[in-house]
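The structure appears right after this line, and notes come after that.
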Amino acid sequence: MLQEISITNFAIIPELRLSFHEGMTALTGETGAGKSIIIDALGLLAGGRGSSDYIRQGADKCILEGLFEWPKQKGFESLMEELGIESDGSNLIVRRDMSLTGKNVCRVNGHIVTLANLRRVGGYLVDIQGQNEHQELLQPESHLVLLDRFGDATFQEKKRTYQEAYEAYRELERKVRKIQQNEKNYVQRIDMLNFQQEEIAAAQLVVGEEEKLKEERDKLSNYQKIVDGLATGYGALSEGEQSSLDGVGMAVSEIQSIAHLDPEYEAIFENIQSAYYLLQDAVGDMSRQIDLLELDENRLEEVTQRMETIRQLKRKYGDSVEAILAYYEEISEELDSSDFTEGQLDKMKQELTQKEERAFQCANELHQARKAIASELEQSILRELKSLYMENTEFEVRFSNRADGRLDEQGIDVVEFYITTNPGEPLKPLVKVASGGELSRVLLALKTIFSSEHGVTSIIFDEVDTGVSGRVAQAIADKILKISKYSQVLCITHLPQVAAVADYQYYIVKEVVGGRTRTSVAELAAAERENEIARMLAGSEITPLTIEHAKELLRLAKK
């Protein structure tokens with residue numbers, strides 16, 4: 001339920017704050033007073049398309065804010081969780097700011113949302129019925145949507161089942177078409193990736209291998225230099241009648257004999273002795289290295305070839321072994337997830353045929369379910385139209401198949417409403433034969449049928465009673481009042497019969513203040529309602545008789 005709306009600098013409204021009630025509220029006033037402007041503001045709060053033209057002349061922006069009771073409909077809590085919007089469980093505040101610069105900020109309970117998400121939220125809050133809905137009835141493609149809304153939970157489950165099957169079919173169809181359209185390029189890429197994968201896998205790369213190969217290559221390439229260096233060093237230290245090592249050993253013996261005489265001699269002895277032991281170790285190491293040295297010319301060639309293999313792979317796939325291996329993982333993942341392998345396209349085509357058959361099966365089941373609910377809808381609409389003084393009306397929901405024989409999101413059905421309001425006349429498309437008043441009554445009949453399960457917080461009727469008068473006007477008033485038993489109803493009307501049955505009545509007036517036009521709204525007390533309904537009855541000149549007539553309308557409405 002809409003509890004309150006605040007409007008600032010919107011069209012000819014500088015500032016307005018209105019509180020609303022449960023039940024039915026009529027909004028009345030002279031033509032052009034600004035009644036529809038309030039409905040436009042509500043439409044924008046529900047996610048309607050905005051424009052800077054709505055901003056009051058001289059203002060930088062307009063601000064719209066609505067306070068609603070927290071909707072109880074199924075699915076609303078899930079939507080709020082998805083959008084990350086918290087609630088105290090009782091109120092929902094929607095705000096929309098529009099500026100001359102084109103900036104458009106939408107908030108729900110203080111949380112900024114996109115316009116698309118505001119529209120999703122607004123779908124649970126208000127349902128505006130006006131000339132656009134008349135146009136909806138004049139569009140045959142909307143008739144199927146209206147028919148489906150009449151279906152119960154079992155029907156809605158059938159529809160979901162079909163749409164899931166259809167989407168699975170379409171998704172696979174898109175993949176197959178993409179492969180077929182780009183098959184040559186696709187196959188070439190898969191072949192290239194397979195080659196690259198095999199080439200890298202065959203190399204059996206190991207992280208750190210390249211550094212070890214460089215070290216081994218350097219040793220093999222400098223074999224003779226290493227041999228000569230070790231041999232010369234070994235000879236200099238250990239060979240000859242008086243080798244260097246023997247000389248150091250002799251020095252150790254001589255200094256050891258005097259080391260106890262002076263601490264400095266002791267330090268010299270320790271240094272020479274340490275050097276002697278280190279030289280002994282070095283001589284032993286050189287001897288072992290000389291024994292281990294062996295020139296393997298084949299191994300040098302192997303190392304060189306292995307390094308060249310790594311260099312070629314680095315040139316193609318990355319600047320390091322790590323980068324090459326990372327690329328290998330990337331293309332392996334692409335190949336694993338690829339829908340195309342040898343013979344896979346044929347398998348996908350077979351699967352596509354199966355999914356198409358499944359979708360058509362679900363579509364046919366949906367068609368049969370629609371036929372059943374169409375019969376029920378026909379009877380329900382005829383009952384409602386009878387109470388709206390269209391008792392001679394015949395109404396029929398007619399089915400046909402899509403011209404191209406293909407499926408779409410709704411199935412295989414094309415639905416159109418047919419009607420005749422004159423006995424003996426054949427049924428013809430609603431869009432061709434219904435007058436404005438008849439469209440209003442058909443729309444009200446549909447809204448009455450759907451209202452008990454509609455689930456929308458507030459239903460707004462924007463002059464849906466256009467083109468009717470007399471007893472039909474009274475019947476429309478009764479029908480709108482009936483709808484208000486299930487949902488809050490706001491009704492813009494020029495019919496006194498409709499205004500009289502409302503639980504509350506707001507009077508909207510346009511006036512000039514300080515050289516500027518502005519719209520103001522006031523809730524009418526009982527006596528004020530009598531005068532306003534009298535004005536609606538008589539026009540500009542109100543007489544005692546029209547006052548009595550207005551009182552009579554209110555008494556009958558209350559009764």
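Along the sequence shown, the residues carry numbers beginning at 1. Below, each value reflects all heavy atoms present in this structure, side chains not excepted, and no hydrogens, waters or symmetry copies.
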When rounded to the nearest 0.5 Å, the distance separating CD1 of I55 from CG of N9 is 9.0 Å

What do the steps show when you test E391 against Y389 for side-chain contact (heavy atoms from CB on, under 4.5 Å), and what is the final call? CA-CA 5 Å; E391 58 273 2; Y389 298 103; 4.2 Å; yes

Taking D152 for the side chain and T154 for the main chain, is one N or O donor matched with an acceptor at less than 3.5 Å? yes

Roughly how far apart are E396 CD and L382 CG, rounded to 0.5 Å? 10.5 Å

Nearest 0.5 Å, please: how far is CG in L388 from NZ in K386? 12.5 Å

Step through the shown structure and confirm whether more than 12 heavy atoms of other residues, nucleotides or ligands are within 6.0 Å of CZ on R555. yes

Verify, without hydrogens or angle tests, whether S375 (side chain) and K371 (backbone) share a donor-acceptor contact under 3.5 angstrom. no

Counting heavy atoms not belonging to Q57, are there more than 12 under 6.0 Å from its CD? no

Per the side chain to side chain contact (heavy atoms under 4.5 Å, CB included) rule, which among L490, T25, V126, L125 passes with L2? L490

Shortest non-hydrogen contact from G50 toward M98: CA-SD, 3.9 Å

Please name the pair of heavy atoms, one in C491 and one in M24, separated by the smallest distance, quoted to 0.1 Å. CB-CE, 4.4 Å

Answer yes or no: is there an ion pair linking E171 with R174, defined by an N-O contact shorter than 4.0 Å? yes

What's the verdict on side-chain contact (heavy atoms from CB on, under 4.5 Å) for F68 and I5, showing C-alpha distance, side-chain angles and the deciding distance? CA-CA 9 Å; F68 298 84; I5 185 172; over 6 Å; no

Taking atom CD of E22 as the centre, report whether more than 12 heavy atoms of other residues, nucleotides or ligands fall under 6.0 Å from it. no

Which heavy-atom pair separates I533 from P496 by the least distance, and what is that distance? CG2-CB, 3.9 Å

Consider only side-chain N and O atoms of D478 and Q474, and report whether a donor and an acceptor are under 3.5 Å apart. yes

Is it true that K159 and E409 make a salt bridge, defined as a side-chain N closer than 4.0 Å to a carboxylate O? no

Side-chain ion pair, R535 and E30, N-O less than 4.0 Å: yes

Could you check F20 against Y506 for ring pair (Phe, Tyr, Trp, His ring centres under 6.0 Å), going step by step and ending with a plain yes or no? CA-CA 10 Å; F20 293 96; Y506 285 45; 5.6 Å; yes

Can you find a heavy atom in the side chain of I508 that is under 4.5 Å from one in the side chain of T519? yes

Do N392 and T421 touch side chain to side chain, with heavy atoms closer than 4.5 Å? no

Quick one: does S99's side chain have a donor or acceptor within less than 3.5 Å of a partner on K103's backbone? yes

Gap between atom CG of L366 and atom CD of Q361 - 0.5 Å precision: 12.5 Å

Quick one: which of L27, V521, L524 gives a side chain to side chain contact (heavy atoms under 4.5 Å, CB included) with Y507? L524

Shortest non-hydrogen pair, E77 vs W70, comes out as OE2-NE1, 2.8 Å

Check whether T114 reaches the backbone of N117 with its side chain - one donor and one acceptor, N or O, closer than 3.5 Å. yes

Is there a side-chain contact between L172 and E351 (heavy atoms, below 4.5 Å)? yes

Using modelled atom types only, decide if a donor and an acceptor are shared between the side chain of H143 and the backbone of F417 within a distance under 3.5 Å. yes

Taking it one step at a time, do K61 and L100 satisfy side-chain contact (heavy atoms from CB on, under 4.5 Å)? CA-CA 6 Å; K61 68 175 182 177; L100 287 175; over 6 Å; no

Separation of E378 CD from R383 CZ (nearest 0.5 Å): 11.5 Å

Out of curiosity, L407 CG to C362 SG, how far, rounded to the nearest 0.5 Å? 10.0 Å

Side-chain (T543) to main-chain (T546) donor-acceptor, under 3.5 angstrom: yes

Please step through side-chain contact (heavy atoms from CB on, under 4.5 Å) for the pair E532 and M536, ending with a clear verdict. CA-CA 6 Å; E532 170 59 8; M536 297 172 73; 3.8 Å; yes

Between S387 and K479, is there a side-chain heavy-atom distance shorter than 4.5 Å? yes

Can you confirm if the aromatic rings of Y169 and F360 lie within a centre distance of less than 6.0 Å? no

For L44, does its backbone N or O pair with a side-chain atom of R96 as donor and acceptor, under 3.5 Å? yes

Any side-chain heavy atom of Y504 sitting closer than 4.5 Å to one from E523? yes

4.5 Å side-chain heavy-atom contact, T420 and T393: no

Measure up the Y124 and F76 rings against each other and bin them: parallel (under 30°), tilted (30 to 60°), perpendicular (over 60°). perpendicular

Is any side-chain N of the basic residue among R406 and D408 closer than 4.0 Å to the acidic one's carboxylate O? no

For the backbone of A525 and the side chain of E528, can you confirm whether one donor and one acceptor N or O come within less than 3.5 Å of each other? yes

On a heavy-atom basis, which atom in L45 and which in E65 lie closest, and how many Å separate them? CD1-C, 3.8 Å

4.5 Å side-chain heavy-atom contact, R516 and E511: no

Where the side chain of D413 meets the backbone of V415, is there a donor-acceptor pair that is under 3.5 Å apart? no

Where do A550 and L537 come nearest, in terms of heavy atoms and distance? N-CD1, 3.8 Å

Give a yes or no on this: more than 12 heavy atoms of other residues, nucleotides or ligands lie within 6.0 Å of atom CD of E15. no

Within the 4.5 Å heavy-atom criterion, are E173 and M348 side-chain neighbours or not? no

What about the rings of F395 and Y418, do their centers lie closer together than 6.0 Å? no

